[in-house]
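Because the structure is a prediction, the values reported are computed rather than measured.
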Amino acid sequence: GHPSFPLLMNPIISGECVIVRSNWKGYLEEFALSANFVEQLQEQVSKWNMEGPTRLFFDNGDEANVPLTNFETKYVDCGEPVYELVLHR
């Protein structure tokens, strides 16, 4: 991992959440493993919760569940799955 990776975890430590989306489920699984490793290094008392990676479906009419980036739109348009990993306290 990159030396700045622990900085990505700061929002979780301060009580917020981090949402990571990708068309590659394996990337999100590796991200989750790295997040656990960072947590062990920082010796956090309370573990953060992970939801996912779960596949997102954008054709269900839910306005809250829309592609957030041009990459996600491209993946959806060509039939690629989009997965989401949510990290929070």
Side-chain angles (χ1 to χ4, degrees):
H2 192 274
S4 66
F5 187 80
L7 295 174
L8 290 173
M9 300 297 104
N10 282 343
I12 302 168
I13 293 167
S14 64
E16 299 177 31
C17 74
V18 169
I19 298 172
V20 184
R21 287 183 170 182
S22 176
N23 67 322
W24 185 40
K25 187 177 181 182
Y27 174 79
L28 296 181
E29 291 168 345
E30 290 179 13
F31 192 97
L33 288 173
S34 298
N36 279 330
F37 181 72
V38 167
E39 182 179 51
Q40 291 170 7
L41 286 178
Q42 294 178 344
E43 298 179 3
Q44 297 297 317
V45 176
S46 61
K47 293 187 71 74
W48 44 59
N49 299 307
M50 292 189 195
E51 300 170 16
T54 55
R55 185 171 179 180
L56 299 176
F57 295 94
F58 297 106
D59 59 355
N60 61 3
D62 182 2
E63 292 181 18
N65 192 19
V66 295
L68 297 178
T69 67
N70 290 336
F71 286 109
E72 290 177 19
T73 301
K74 177 180 73 171
Y75 298 145
V76 170
D77 289 347
C78 70
E80 285 282 320
V82 176
Y83 299 94
E84 180 177 84
L85 175 68
V86 180
L87 304 164
H88 59 91
R89 286 255 178 243

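For the atom pair CG (L68) and CD1 (I19), the distance works out to 7.5 Å, reported to the nearest 0.5 Å. Once rounded to the nearest 0.5 Å, the distance linking CD of E84 with NZ of K25 reads 13.5 Å. Residue L28 holds its CG atom at 9.5 Å from CG of L87, rounded to the nearest 0.5 Å.
Nearest heavy atoms, V20 versus Y27: CG1-CE2, 4.2 Å. For the pair N23 and E80, the tightest heavy-atom approach, listed with the atom from each and the gap, is ND2-OE1, 3.5 Å. Considering all non-hydrogen atoms of both residues, W24 and E30 come closest at CH2-OE2, 4.1 Å.
In this structure, R55 and V82 have side chains that are not in contact, with every pair of non-hydrogen atoms separated by 4.5 Å or more. Counting only heavy atoms from C-beta outward, the side chains of F31 and L85 approach each other to under 4.5 Å.
Qualifying side-chain contact (heavy atoms from CB on, under 4.5 Å) partners for F71, counting only residues two or more places apart in sequence or in other chains: T69, K74, Y75.
The 12-atom threshold is not exceeded at CG of N70, counting heavy atoms of other residues, nucleotides or ligands nearer than 6.0 Å.
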